[in-house]
2 protein chains.
Amino acid sequence: MRNDASGASAVPRRDEIVRAATALFLEKGYAATSMSALAQACGMQKASLYHHFPSKEALFVACVNDGYDVAVRELEQIRDDRTLDDEARLRRAFDALYRITVESTVGRMSPLIAETSRQIPSVARAFHDGFITRQHEILSDMIDAGVASGAFREVDRLGLEHMIFGPIVTLSLSREMFASFDSLDALYPVDGVREAHCDLILKLLRVSSDEPTER
Amino acid sequence: MRNDASGASAVPRRDEIVRAATALFLEKGYAATSMSALAQACGMQKASLYHHFPSKEALFVACVNDGYDVAVRELEQIRDDRTLDDEARLRRAFDALYRITVESTVGRMSPLIAETSRQIPSVARAFHDGFITRQHEILSDMIDAGVASGAFREVDRLGLEHMIFGPIVTLSLSREMFASFDSLDALYPVDGVREAHCDLILKLLRVSSDEPTER
DNA sequence: GTCTATACAAGGATAGAC
DNA sequence: GTCTATCCTTGTATAGAC
């Protein structure tokens with residue numbers, strides 16, 4: 001049942017548990033996921049879970065905190081890639097942001113954070129500081145660079161930030177909310193939305209403000 | 001404890017229950033809200049709740065379905081208000097959308113829909129058809145009118161829709177996720193985001209594409 | 001329509017053998 | 001590090017008196 005890409009098995013069991021638990025939490029929500037169900041998904045007994053994590057809450061915290069760094073590092077690499085021009089960089093960033101937010105486990109956790117925000121505020125704090133804020137900073141860097149180089153126009157930053165992240169987060173949320181629909185991909189198509197969204201953002205940012213790469 | 005604007009008390013107890021239950025569900029999530037807590041909030045015994053609703057799920061369904069019409073009707077009135085020009089109409093619509101999505105109970109339900117989407121798919125369906133779709137249609141009408149009158153430019157509709165609703169829904173979600181933060185209003189200010197967002201959308205839509213009402 | 005009392009299952013968590 | 005067995009609380013829901 002194990003098939004990690006990452007070489008040896010340094011921390012084998014614990015990571016397996018986090019992985020299985022994350023999937024269950026994402027599917028059923030925090031409160032509706034029982035330790036029994038978690039144990040079953042891991043192929044072990046409830047009591048054995050408590051050997052690895054002192055409580056359900058601690059296990060959940062581990063699940064949420066697990067993926068920040070991988071996601072953020074992907075964005076940093078795009079920001080620091082000197083082979084890209086400002087516009088290509090932004091397109092790559094959109095690509096990564098959509099993939100992270102819609103498909104990765106961390107990116108899909110927003111509803112879980114909302115569900116537990118009052119009960120476990122520390123998780124919300126960590127999610128905000130370790131994931132949200134860092135993403136925004138990296139994207140802000142990219143805009144700064146584009147403005148400095150003259151490729152991008154200066155526009156209101158608060159509005160721009162919300163117009164970049166808003167549609168992405170909402171698409172992810174919508175796909176969780178309406179996951180049971182047959183028509184999910186037709187109603188909320190990831191690729192189609194990403195392209196249309198990115199084009200419009202670039203239309204706002206481009207200095208030559210005609211309609212260049214209208215698809 | 002009763003103080004409705006709507007005249008007499010036709011369906012008194014049931015509405016009180018829905019009101020109190022909605023508040024609790026929004027605060028604690030669906031699964032984490034017990035019938036005991038609900039009963040306590042209503043000032044009655046658990047068993048009495050079951051006289052009004054056959055199950056917790058049925059009560060929840062009532063809570064979600066309760067507010068569609070009021071919200072949608074507000075938008076319809078703005079759409080049909082012939083005293084407004086296209087741009088003023090859009091500004092009014094932004095106003096209403098932010099208020100509905102961030103402050104009204106229906107608007108704040110997205111995380112709850114996500115939490116229960118697999119367990120109670122019928123609620124997600126109703127929320128989508130009764131609330132989301134209708135909002136999108138009304139807004140689409142307004143854009144159509146603006147394009148027809150020559151006030152708005154035609155831009156990609158899929159992208160535009162997501163750039164209008166995305167930031168609004170995400171702001172609402174963020175405010176639920178980070179409700180415990182002292183700095184919530186500073187990090188996610190409703191008025192500031194709405195104004196900046198609306199200005200940028202108008203910048204995209206306006207035919208005279210210079211920078212008219214830059215704040 | 002509301003109450004008290006209760007049924008019965010499932011929840012999180014622990015003890016202690018192996 | 002995993003197991004079986006168990007503790008105690010809480011969950012949803014029902015029965016039946018008033």
Side-chain angles (χ1 to χ4, degrees), chain A residues 1-2 4 8-64 112 115-123, chain B residues 1-2 4 8-64 112 115-123:
Chain A
M1 274 291 193
R2 295 215 63 212
D4 283 353
S9 50
V11 194
R13 214 80 181 107
R14 191 191 149 103
D15 281 4
E16 268 180 45
I17 293 172
V18 167
R19 196 173 304 231
T22 301
L24 266 190
F25 282 136
L26 282 174
E27 186 190 327
K28 302 163 80 75
Y30 175 72
T33 302
S34 68
M35 289 299 273
S36 323
L38 255 2
Q40 193 172 12
C42 299
M44 58 172 59
Q45 293 300 315
K46 251 197 304 184
S48 307
L49 273 185
Y50 283 93
H51 176 79
H52 298 276
F53 297 93
S55 68
K56 182 185 175 183
E57 192 175 307
L59 171 53
F60 178 65
V61 171
C63 291
V64 178
L112 280 173
E115 186 197 340
T116 58
S117 64
R118 271 95 170 180
Q119 191 187 346
I120 323 175
S122 60
V123 165
Chain B
M1 274 292 193
R2 295 216 64 212
D4 284 353
S9 50
V11 194
R13 214 79 180 107
R14 192 192 148 103
D15 281 3
E16 267 180 46
I17 293 172
V18 167
R19 198 172 304 234
T22 301
L24 265 189
F25 282 137
L26 282 174
E27 185 190 328
K28 304 163 78 72
Y30 174 72
T33 302
S34 68
M35 290 298 273
S36 324
L38 256 3
Q40 192 172 12
C42 298
M44 58 172 58
Q45 292 300 313
K46 257 195 300 185
S48 307
L49 273 185
Y50 283 92
H51 176 79
H52 298 275
F53 297 93
S55 67
K56 182 184 173 181
E57 191 175 307
L59 171 53
F60 179 65
V61 170
C63 291
V64 179
L112 280 174
E115 185 197 339
T116 58
S117 64
R118 271 95 171 180
Q119 192 188 344
I120 323 175
S122 61
V123 166

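Predicted model, so just to flag it, every value in this text is computed and none were measured. The sequence lines fix the lettering, A, B, ..., with proteins before strands; numbering per chain opens at 1.
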Is any side-chain N or O of [X] closer than 4.0 Å to OP1 or OP2 of [N]?
X       : N      : answer
B:Arg13 : C:dT2  : yes
A:Ser34 : C:dG11 : yes
A:Ser48 : D:dC3  : yes
A:Ser36 : C:dG11 : yes
B:His52 : C:dT2  : yes

Worked check of side chain to side chain contact (heavy atoms under 4.5 Å, CB included) between B:Leu59 and B:Leu38: CA-CA 10 Å; B:Leu59 171 53; B:Leu38 256 3; 4.1 Å; yes
What is the distance, rounded to the nearest whole Å, between atom [atom1] of [X] and atom [atom2] of [N]?
X       : N      : atom1 : atom2 : result
B:Lys46 : D:dT12 : NZ    : P     : 7 Å
B:Gln40 : D:dT10 : CD    : P     : 13 Å
B:Leu49 : D:dG11 : CG    : P     : 13 Å
A:Glu16 : D:dG1  : CD    : P     : 13 Å
A:Phe60 : C:dG12 : CZ    : P     : 14 Å
B:Lys56 : C:dG11 : NZ    : C1'   : 12 Å
A:Tyr50 : C:dG16 : OH    : P     : 18 Å
B:Leu59 : D:dT12 : CG    : P     : 11 Å

For the side chain of [X], counting heavy atoms from C-beta on, which of [options] is nearest?
X       : options               : result
B:Ala47 : D:dG11, D:dT2, D:dA15 : D:dA15
A:Ser55 : C:dA13, D:dC3, C:dG11 : C:dA13
A:Met35 : D:dA13, C:dT4, C:dG12 : C:dG12

Which heavy atom of A:Thr33 sits nearest a heavy atom of A:Leu24, and at what distance?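 Looking at all heavy atoms of both residues, the shortest contact is OG1-O, 3.5 Å.
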Can you label the angle between the A:Tyr30 ring and the A:Phe60 ring as parallel, tilted or perpendicular, going by 30° and 60°?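 Rings of A:Tyr30 and A:Phe60: tilted, as their planes differ by 30° to 60°.
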How far apart are the C-alpha atoms of A:Phe53 and A:Met35, what are their side-chain angles, what is the distance that settles it, and do they pass the side chain to side chain contact (heavy atoms under 4.5 Å, CB included) test? CA-CA 11 Å; A:Phe53 297 93; A:Met35 289 299 273; over 6 Å; no
Atom CD of B:Glu16 and atom CE of B:Met44: how far apart are they, to the nearest 0.5 Å?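 Rounded to the nearest 0.5 Å, the CD-CE separation comes to 7.5 Å.
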